[in-house]
K.L.:
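Just dropping this structure here.
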Amino acid sequence: MRRRSMGRVALGAVAALCAVVALPAQARAAGEPGPYAYEPTAKPVEGAVISTDAERLESGGTYRDSIEPGDKLFYRLELDAKSNAYVSATAVPVPGTKVAYADELKVTLQDRDGNSCNYNTARFGSAEFARPIGTYAHRTVEEDASCQAADTYFVLVERTGADTSSSEPWELEIRHLTEPRVKAGGATAAPENWPSSSPAPPGGGPRERRGGTSFFSAPGLGQGEWQDRIKPGETLFYKVPVDWGQQLFASADLGSAAGEGYVSNALTMALYNPARGLVDSATDVSYDGRQKSSVLDPLPPVAYENRFDSSDSVNGMRFPGWYYLRVSLSPQVEKEFGPRALGLSLRLNIEDGKGKGAPAYVGPAGEFQVTDEDLSAAESGQSTSAAARSATMRLVGASGIGAGTVLVLGLGVWTLVARRRAAAGPRPAGPGGGLGAGPGGGPGADPAHDSEAPARYGPPAARQATRP
C-alpha cells in the first residue's frame with residue numbers, strides 16, 4: 001500500500017513539474033497571435049443584435065469580438081449606484097484594407113429605457129489608412145445626472161462608414177473597468193485654466209525603447225527622449241505613468257529619409273487614458289522626406305474634477321495610471337521612400353504642477369493609480385506582456401522548486417521505509433502480515449485480496465450510477 005502511494009506521489013510530482021515547465025511555451029504561443037498583440041486572457045464574447053440577448057461583461061474583464069460594416073452589437077452591464085464605470089472598444093482592421101475619412105467606431109452606454117448615458121466616437125479622419133482605433137463610454141457618478149441607479153445597462157458598439165471601404169470585419173478588443181467613488185466633499189467643478197507653455201526639452205540624452213503593437217504589449221516610458229524605428233504601415237504603442245497633479249507633454253519626431261516624394265497625413269499620434277478612452281489626437285503630419293514633428297496640445301494636470309468638463313481632452317485626464325501613446329505611419333510612405341523603417345523619437349515631459357493630490361477613494365483604486373512597480377516598469381521599459389511573462393516564470397520557478405522538493409522527499413521516504421522493513425526481516429504470516437499478504441500488499445499481493453477492491457468501492461458503472 002505504501003509503495004503504491006509513494007509511487008503515485010513521485011509520479012504526480014514529476015507530472016506537476018512537467019506541467020509548469022510547459023507554461024512558458026504556451027504563454028509564448030498565445031502571446032502575439034497577429035500584428036496587434038491581444039491580451040492572452042481576453043475572453044471570447046458575441047455581441048447581440050438585440051439587447052435582450054446581450055452577454056454580460058464583468059468588471060476588470062477583457063473580451064474579444066468582431067464587427068462588420070453596419071453592425072450594432074449589444075453587451076450587458078450590471079452597475080451599482082456608487083462606482084464610475086467604463087467600457088472601451090478598440091477596433092483592429094486588417095492591415096492594408098481600405099478605410100475612409102468617416103469610417104467610425106461608436107461606443108454608447110444606455111439605460112434600460114434606451115436613453116444614452118454617454119457616448120464617444122473614433123474615426124480615421126484625414127489619415128485614411130488601416131490602424132487600430134478606439135474609444136470608450138462611461139457612467140460618472142454625480143448629483144442630478146442620469147443613469148445613477150443600480151441597475152442593468154447596455155453597451156452598444158456600432159460601425160459605420162463609406163460604401164467604398166473594405167467589407168472585412170474589424171476585430172474588437174473590449175475592456176470593462178470600474179472606478180470607486182470618492183468620499184463626500186470633493187470638487188464638483190471643472191478647472192478653468194492650467195499651465196500651457198511648453199517645457200524645456202527633456203535632458204539626459206536619447207535612450208532606445210522598442211514600441212509594442214497594442215495596449216497589452218506597450219512598453220513603459222518615463223520622462224525623457226526615447227528612440228525607436230517605425231515601418232510604413234506600422235502602429236506602435238507606448239505607456240506613460242501619470243499621477244495626480246502631474247501634467248503630460250508629448251511629441252513624436254519622424255526622422256528624415258533618402259529620396260524625394262510626398263505623403264499627406266503620413267504620421268498620426270493619439271493619447272488614451274488608463275480606461276483606454278481617447279483623450280486627444282495630434283494634428284496629422286505630412287511627410288516629404290525631411291524630419292517632421294507631431295505635438296499633442298497641452299493637457300491639464302491629472303485631476304478628479306477634470307471629469308466635469310465637456311471637452312474630451314480635459315475630461316479624459318480624470319484619473320492617474322498608465323496613459324497610452326499610439327503612433328502610426330502610413331503604408332503610402334513605402335511607395336515614396338521604400339520599405340525601410342524610419343527613425344522615431346518620442347519626447348516626454350511629466351511636470352509636477354500645482355494640481356491637487358489624490359482624492360479619498362472609497363475602496364481600492366485598482367488600475368487608477370501609479371504604484372512604485374509602475375515607476376519601475378517605466379524606467380526599465382517593461383510592458384504588461386513582459387510583466388505577465390515574468391510572473392509566469394516566477395510561478396514556474398516556485399512550482400518547480402516545490403515539485404522537485406516533493407519528488408526528492410517522496411523518494412527519500414520511500415527508500416527509508418524499504419530499508420527499515422528489510423532490516424526488520426520477514427513478518428509472521430496472517431491477516432495484514434508481510435508484504436505479500438493482506439489487502440494492498442503491493443507487488444505479489446494475494447489476488448483474492450485485490451479482488452475485494454470492487455466490493456468496497458463499487459464497480460465503475462455503479463459509481464457512475466450514484467452520481468446525481
Side-chain angles (χ1 to χ4, degrees), residues 36 38-39 42-43 45 47 54 56-65 67 71-79 83-92 103-111 115-125 131-142 145-147 153-160 170-180 214-216 218 237 239 242 270-281 299 302 304 306-326 365-368 384:
Y36 183 92
Y38 295 94
E39 188 169 330
K43 301 176 182 178
V45 66
R56 180 178 175 180
L57 305 181
E58 299 289 345
S59 177
T62 304
Y63 301 85
R64 287 190 62 177
D65 200 356
I67 188 168
D71 271 357
K72 297 182 177 182
L73 305 180
F74 284 94
Y75 308 90
R76 179 188 181 105
L77 302 179
E78 299 295 337
L79 303 182
S83 305
N84 302 297
Y86 306 90
V87 178
S88 66
T90 302
V92 186
D103 284 1
E104 179 180 271
L105 184 74
K106 182 178 181 180
V107 183
T108 306
L109 183 62
Q110 299 178 341
D111 64 15
N115 299 313
S116 173
C117 308
N118 175 257
Y119 73 90
N120 283 289
T121 60
R123 60 176 61 90
F124 292 96
R131 60 190 185 277
I133 61 171
T135 187
Y136 70 173
H138 54 82
R139 191 282 300 273
T140 301
V141 176
E142 54 184 316
S146 60
C147 302
Y153 293 84
F154 296 95
V155 176
L156 175 61
V157 180
E158 302 174 76
R159 174 184 170 182
T160 58
W170 295 347
E171 293 295 312
L172 286 179
E173 188 171 54
I174 300 169
R175 183 92 165 118
H176 173 32
L177 294 174
T178 53
E179 175 198 22
S214 69
F215 292 101
F216 179 71
F237 286 79
K239 61 181 184 179
V242 188
L271 179 70
Y272 296 83
N273 65 24
R276 302 186 185 181
L278 180 61
V279 177
D280 200 10
S281 298
L299 299 165
V302 172
Y304 187 86
N306 288 342
R307 67 192 62 207
F308 303 115
D309 194 281
S310 60
S311 168
D312 290 339
S313 60
V314 178
N315 188 290
M317 304 297 293
R318 58 172 54 201
F319 34 51
W322 288 112
Y323 281 75
Y324 298 87
L325 285 167
R326 188 211 69 206
E367 298 192 29
F368 305 112
T384 304

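Owing to the predicted nature of the structure, the values given are computational and were not obtained by experimental measurement. Numbering starts at 1 and runs along the sequence shown.
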K.L.:
Only one of E173, E171, E39 clears salt bridge (charged side-chain N to carboxylate O under 4.0 Å, His left out) with R64; which?
P.N.:
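Of the listed options, the one satisfying the test is E171.
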K.L.:
If you compare all heavy atoms of F154 against all heavy atoms of D111, which two are closest, and at what distance to 0.1 Å?
P.N.:
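Heavy-atom minimum between the residues: CD1-O, 4.3 Å.
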K.L.:
At their closest point, which heavy atom of Y324 faces which heavy atom of P274, and how far apart are they?
P.N.:
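The pair with the smallest heavy-atom distance is CE1-CA, 4.5 Å.
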K.L.:
Check for a donor-acceptor pair, side chain of N306 on one end and backbone N or O of M317 on the other, with a separation under 3.5 Å.
P.N.:
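The answer is yes, because a donor-acceptor pair under 3.5 Å joins these two groups.
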K.L.:
Identify the heavy atoms of L172 and L73 that sit nearest to each other, and give their distance.
P.N.:
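L172 and L73 have their closest heavy atoms at CD1-CD1, 4.4 Å.
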K.L.:
Take T178 and S83, measure what side-chain hydrogen bond (donor to acceptor under 3.5 Å, both in side chains) needs, and give me the verdict at the end.
P.N.:
CA-CA 6 Å; T178 53; S83 305; 5.2 Å; no
K.L.:
How many angstroms lie between atom CD of E367 and atom CD of E179, to the nearest 0.5 angstrom?
P.N.:
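Atom-to-atom, E367:CD and E179:CD are 11.5 Å apart.
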K.L.:
Check N120, T90, N118, N273 against Y136 for a side chain to side chain donor-acceptor pair (under 3.5 Å) and give me the one that passes.
P.N.:
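Considering N120, T90, N118, N273, a side chain to side chain donor-acceptor pair (under 3.5 Å) with Y136 is found only for N273.
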K.L.:
Can you check ring-ring contact (aromatic ring centres under 6.0 Å, His included) on Y63 and Y75, steps first, answer last?
P.N.:
CA-CA 11 Å; Y63 301 85; Y75 308 90; 8.2 Å; no
K.L.:
How close do Y153 and L109 get, counting heavy atoms only, and between which atoms?
P.N.:
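Closest heavy-atom pair between Y153 and L109: CB-CD1, 4.1 Å.
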K.L.:
Looking at Y304, I'd like to know if the NZ or CZ of R307 sits under 6.0 Å from its six-membered ring centre while staying within 45 degrees of the ring's axis.
P.N.:
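The answer is yes; both the distance and angle limits are met.
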K.L.:
Taking atom OH as the centre, does Y119 end up with more than 12 heavy-atom neighbours from other residues, nucleotides or ligands that are less than 6.0 angstrom away?
P.N.:
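No, OH of Y119 has 12 or fewer neighbouring heavy atoms, counting only those of other groups under 6.0 Å.
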